[in-house]
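Below is one structure, written out as structure tokens; the observations come after it.
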Amino acid sequence: LKSVVLKDLVKTYIGNDGNLFTAVKGINVEINPGEFVTLLGPSGCGKTTTLRMVAGFEIPTDGEIFIGDENVSRQTPDKRDTAMVFQSYALFPHLNIFDNVAYGLKLKKMSKEEIKEKVDSILKLVGLEGLGLRAPNQLSGGQQQRVALARALVMEPAVLLFDEPLSNLDAKLRVYMRNEIRRIQKEIGITSIYVTHDQSEAMSMSDRIIIMNKGNIEQVGTPKEIYEKP
Ligand code: ADP
Ligand code: ADP
């Protein structure tokens, strides 16, 4: 299990108008090993930019990112021990569920036996046991999101990153999948950062919530602390 520390983290973009725009304004965050933390705030406040910097999809303009003891601020995504679950499931439509989940392991040149063992165990964990031979379009939205989660987990990252993973699901399924994500996260104890603009989602899922506004952190606390001192 690894911690995630963001130190004076800044991201400045050059906008379409040519002017500089600072999306993340020097934030400091310490996430404990195994903790499930939500970044909550209105659209455009810098949540996704922060998450993408942790993943290595964006390089910070200033500041540092530590995963465990390692300063990963300038490292490429493959060196970071993170995996991201996106809003769009982005499954390969021509591959069955098993092969979708196995894809990253095959790139690692792992043996067939080991791949089968890992993929079967992850499919069981996310509640898709026995569905490995289905095509993605034969699954419901919730099941497809489970495949996306399985694909991230099978790589055994130290840190799991979620970018609004439930916003494409209907309201009932969304509530159900919150619990499923927490069940799975607790079962393997993986450190997690979850981005959402949905307050009830953040309140129901998080160990701690980080409320962002206009590129700054406004408040940090457990759901109870946030509820009692809004
Ligand atoms: P959130 O996830 O909270 O909705 P984002 O982190 O996606 O916010 O975006 C924060 C701000 O940074 C927004 O105003 C957005 O338009 C801007 N932004 C994000 N990515 C880029 C980019 N690649 N180039 C320029 N501006 C960007
Ligand atoms: P969301 O807020 O739902 O995460 P955004 O529309 O902010 O989605 O961002 C979608 C993608 O486009 C992200 O990769 C982000 O970095 C990029 N992006 C956002 N705003 C801009 C912008 N003004 N210029 C260039 N890229 C942007």
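In each ligand, atom 1 is the first atom listed, and ligand 1 is the first ligand listed. Keep in mind that this is a model prediction, so the values were computed, not measured.
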Quiz prompt | Thr61 side, atom OG1; Tyr13 side, atom OH - distance, nearest 0.5 Å | solution = 8.0 Å

Quiz item: Taking the non-hydrogen atoms of Gly215, is any one of them nearer than 4.0 angstrom to ligand 1?
Solution: no

Exercise. Say whether Arg146 and Gln143, considering side chains only, have a donor N or O and an acceptor N or O under 3.5 Å apart.
Key: no

Exercise. Please determine if Arg208 and Glu35 form a salt bridge, counting it only when a charged side-chain N lies under 4.0 Å from a carboxylate O.
Key: yes

Quiz item: Hey, is Cys45 one of the residues with a heavy atom under 4.0 angstrom from ligand 1?
Solution: yes

Quiz prompt | Contact summary for Val147 and Asn100, nearest pair of heavy atoms | solution = CG1-CB, 4.2 Å

Practice problem: Classify the angle between the aromatic ring planes of Tyr194 and Phe36 as parallel (below 30°), tilted (30 to 60°) or perpendicular (above 60°). | Solution: tilted

Quiz item: For ligand 1, which atoms sit closer than 4.0 Å to a heavy atom of Ala23?
Solution: 10 (C), 11 (C), 12 (O)

Quiz item: Atom CG of Leu131 and atom CG of Leu139: how far apart are they, to the nearest 0.5 Å?
Solution: 6.5 Å

Quiz item: What atoms of ligand 1 come within less than 4.0 Å of a heavy atom belonging to Pro42?
Solution: 3 (O)

Quiz prompt | For atom 5 (P) of ligand 1, the option (of Leu20, Thr49, Leu39) bearing the nearest heavy atom | solution = Thr49

Quiz item: Strictly under 4.0 Å, does any heavy atom of Gly15 approach an atom of ligand 1?
Solution: no

Practice problem: Please confirm whether the backbone N or O of Phe66 pairs with a side-chain atom of Asn71, one donor and one acceptor, at under 3.5 Å? | Solution: no

Self-check item: Among Tyr13, Phe57, Phe21, closest by any non-hydrogen atom to atom 27 (C) of ligand 1
Solution: Tyr13

Self-check item: Interfacing atoms of ligand 1 (cut-off 4.0 Å, heavy-atom, Gly46)
Solution: 1 (P), 3 (O), 6 (O), 8 (O), 10 (C)

Quiz prompt | Close-contact set for ligand 1 against Ser43 heavy atoms, below 4.0 Å | solution = 4 (O)

